[in-house]
Amino acid sequence: MTSAAEQQTVAQERALDGGRPASAVNGAQRATAPTPPVWPGAPMPLGARFRAGPDGVAGTNFALWAAGAEAVQLCLFDERGRETGVRLTELTHEIWHGFVPGVMPGQRYGYRVDGRWDPWIGARWNPAKLLLDPYARAVDGEFSLPPEVYGHVRDWPEQHVADTVRDDRDSAPYVPKGVVVHDDDDWADDRRPKTPWADSVIYELHVRGFTRLHPDIPPELRGTYAGLAHPAAVEHLVKLGVTAVELLPVHQFAHEDHLLRRGLKNYWGYNSIGYFAPHAAYAASGSTGQQVGEFKRMVRALHAAGIEVILDVVYNHTAEAGELGPTLSLKGIDNRGYYRLQDDARRYADYTGCGNTLHVVQPQVLRLITDSLRYWVTEMGVDGFRFDLAAALARSMHDVDMLSPFLAVIAQDPVLRRVKLIAEPWDIGSGGYQVGAFPPLWTEWNDRYRNAIRDFWRGALPDVRDLGYRLSGSSDLYAWGGRRPYASVNFITAHDGFTLRDLVSYEGKHNEANGENNRDGSNDNRSWNGGAEGETGEEPVRALRRRQLRNLLTTLLLSTGVPMLVAGDELGRTQRGNNNAYCQDNEISWLDWSLLDDPAWRRLFDLTSRLIALRHRHPVLRRRAFFSGRAHSADGLRDLAWFTARGEEMTESDWYAPAATLGMYLSGRDIPGRDEQGAPITDDSFLTLLHAGDRPATFVLPGPPWAERYEVVVDTSREEQGEAPGVVHGAGTAITVPAQAVLLLKVG
């Protein structure tokens, strides 16, 4: 047995030798068929593109950016998995390229890239590892993570230097392959909804989880793109009234090793490895290119129903993790070119919590991202993107910079500046919290809205200052640089955290099923269980929870900004208290459609649908400009006013005082802007009363000039909301607001 010192010496020698022993690749042994000819081809576009070559010969052009590489081998695989390797000898502007005649759509392929092995300077080339083309448009097969897929010797005895010892075992049998895809779709028969931001209602859903248990979708289509395109799935979205679905990641992704060892998988998909390929496991039709057409048909079906498609995209990191992670693609193509490295170049800069961060200031990395975005818009038909940990993309060399190359390129791109752009405006690095800081064109997930609404309804707000800003569009965050109220994507729940039902049923997380001893997931849930932890048979507690659900949904859908719902919250979906179900590809995460058969939960769906329809009918609820709070006429009526329970306008001191009751008046007479024909926009006026106290409260309805009378439109204390309550009160009347309730009153 060698000593630790001897092992480290071997590690250093193997790293410094340039890393190319004759046995490392064994290319001649792999080839089982005559090597096809390789013509020079073209360096543009990147990826594998089927086309007619010289003299009209059909074939595929392959182009790979690998700046520091010394050799690139294209590897072609037949239906039995046998490999034929051909060298790409043409090099133009750091792009290796060649045209291979006779290579047709459906061909599976990968790359082996040779170069220096010197992890101390960030060089990790290893030709024994088959690499996925970053521009592959389809991926066949799943990633498993045996030791062979690691560029270093994973089980090296001295783990502190294990990443420096090169592993020469062939990874090809254990990794998926790219697939050549022919795409000649011009989308001429598609009509994008192009819903204005102010009119949008977003519905975040998981392609697999949304339809996995749907009884009206054929079993073979459940959990797939085709399942989401099925009329039964589309019908639910249309009845609900949402204008866009925001799909959790559908880029090809891989599962983390620690999950596979526990018998789990990455369900959410925030572990991308192929930025052009629809995740193959969500396709019902096949994985050798069929997933591309199936995804497009899904988009067409949703567009035909007036629903936009927004993708949640993860360009901040990849599935290759840090120095101890696998070598799947970028790490083996040009580690120093694609990833941010620390001063100690063995280590990765990690602003994402996932082991690595893409080096977006590098031109080729920026090109990879923008090429991917344009591809999904122009060739896959999508309407926008939500950027996971967008602050990591906005970093220049170190700090978050709103003039960063990424944001500058997006702002001037003729394709991307016209689609919906949503930032998750934070990362885990220093200075990474950037809510309110992104430039015009961008909207943002507004977690300050989430926190304020949760705190108000659980009785934890010290005063109502923050609540007032959040209900009226968060002008304190977004009223600069020409931004509008719809810069705020308002949400109370998201995929990450409790479902809405769990938010009112659990005070602590219950993530034991994740296998991490309940250490994972946030401890800051701002939740309240109503008096019992978890599911209970106590009817008073159950009734309170249902009322709180109605309060939360009503508040969200009456707030100024863009509301975002999470799939299943309108049905009362529960994850049994799991607030980090990223690895639960089972009934914990899937929608339980049987809830619609329960009258109590069906009424929740009906109320949600009714509130969305109300929002669509009334422009005062979806303003395109911030409120001024000033009187625009002699009678002193303002576009926005706030009232105490005494029926008096709030004073400065009222904003700083503890309060469980707040009245918000929205004037439909003073809506800025004009309609498409140039006419002024007018609407009904509304008074919203929010009361979070656990006892009924008296509220005096404001008199003239605010109103002569008030008609109750929504009262969340009522279990049945199928029809408007219709009760009319005179101005100046002292009405009783039930405990923990929202009342929406139309002004007359």
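Sequential numbering from 1 along the given sequence is applied to the chain's residues.
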Less than 4.0 angstrom from a charged side-chain N to a carboxylate O is my criterion; do [X] and [Y] meet it?
X    : Y    : value
E323 : R124 : no
R87  : D114 : no
K239 : E570 : no
R169 : D167 : yes

Please lay out, stage by stage, how K177 and D140 fare under the test salt bridge (charged side-chain N to carboxylate O under 4.0 Å, His left out).
CA-CA 5 Å; K177 282 71 179 176; D140 181 48; over 6 Å; no
Do you know which two heavy atoms are closest between [X] and [Y], and how far apart they sit?
X    : Y    : answer
T352 : A392 : CG2-CB, 4.3 Å
E83  : A172 : OE1-CB, 4.0 Å
Q291 : A283 : CB-CB, 3.6 Å
N578 : Q575 : O-NE2, 2.9 Å
N580 : D496 : OD1-OD1, 4.2 Å
A232 : D216 : CB-CB, 3.8 Å

Main chain of [Y], side chain of [X]: is a donor-acceptor contact present, judged purely on distance under 3.5 Å?
X    : Y    : value
Q364 : G337 : no
K129 : L328 : no
R154 : E148 : no
W39  : P101 : no
K296 : D185 : no
E294 : A226 : yes
T60  : R49  : no
N271 : A254 : yes
H317 : N356 : no
R191 : A188 : yes

How long is the straight-line distance from [atom2] of [Y] back to [atom1] of [X], given to the nearest 0.5 Å?
X    : Y    : atom1 : atom2 : answer
Y135 : S372 : OH    : OG    : 8.5 Å
F143 : S329 : CZ    : OG    : 7.5 Å
L237 : T243 : CG    : OG1   : 11.0 Å
E308 : E246 : CD    : CD    : 12.0 Å
R222 : H230 : CZ    : NE2   : 9.5 Å
I422 : I310 : CD1   : CD1   : 4.5 Å

Is a side-chain donor-acceptor pair under 3.5 Å present for [Y] with [X]?
X    : Y    : value
T288 : Q290 : yes
Y339 : T318 : yes
T327 : N126 : no
W125 : D334 : no
H303 : D383 : yes

[X] vs [Y] side-chain heavy atoms within contact, under 4.5 Å:
X    : Y    : answer
F62  : D133 : no
V314 : F253 : no
Y275 : L373 : no
T224 : T211 : no
V175 : L132 : no
V139 : V179 : no
S200 : K420 : yes
R137 : M380 : no

Think R300 forms a cation-pi with W187, using NZ or CZ under 6.0 Å from the six-ring centre and within 45 degrees of its axis?
yes
Using side-chain contact (heavy atoms from CB on, under 4.5 Å), reason through N511 and E516 one step at a time and then give a plain yes or no.
CA-CA 8 Å; N511 299 353; E516 300 177 39; over 6 Å; no
What is the ring orientation for [X] with [Y], classed by angle as parallel under 30°, tilted 30 to 60°, or perpendicular over 60°?
X    : Y    : answer
F387 : Y315 : tilted
F491 : W445 : tilted
H258 : Y582 : tilted
F50  : H182 : perpendicular

Test D569 against T493 for side-chain hydrogen bond (donor to acceptor under 3.5 Å, both in side chains), laying out the working first.
CA-CA 9 Å; D569 276 353; T493 58; 2.5 Å; yes
D520 vs N514, side-chain hydrogen bond (donor to acceptor under 3.5 Å, both in side chains): CA-CA, chis, key distance, verdict
CA-CA 8 Å; D520 62 304; N514 297 353; 2.7 Å; yes
Dump the intermediate steps for side-chain contact (heavy atoms from CB on, under 4.5 Å) on Y203 and H236, then the final yes or no.
CA-CA 12 Å; Y203 188 76; H236 179 82; 3.8 Å; yes
When the ring centroid of Y270 is compared with that of H495, is the distance short of 6.0 Å?
yes
Check against salt bridge (charged side-chain N to carboxylate O under 4.0 Å, His left out), R112 and D170
CA-CA 10 Å; R112 299 183 187 274; D170 182 12; 2.9 Å; yes
Considering residues, nucleotides and ligands other than K265, do more than 12 of their heavy atoms fall under 6.0 Å from its NZ?
no
Show your working on side-chain contact (heavy atoms from CB on, under 4.5 Å) between V245 and M298 and close with a plain yes or no.
CA-CA 12 Å; V245 292; M298 176 197 73; over 6 Å; no
Among Y282, F276, W376, the one residue meeting ring-ring contact (aromatic ring centres under 6.0 Å, His included) with F295
W376
Determine whether L302 and V234 satisfy the following criterion, side-chain contact (heavy atoms from CB on, under 4.5 Å), listing intermediate values before the conclusion.
CA-CA 7 Å; L302 292 166; V234 176; 4.2 Å; yes
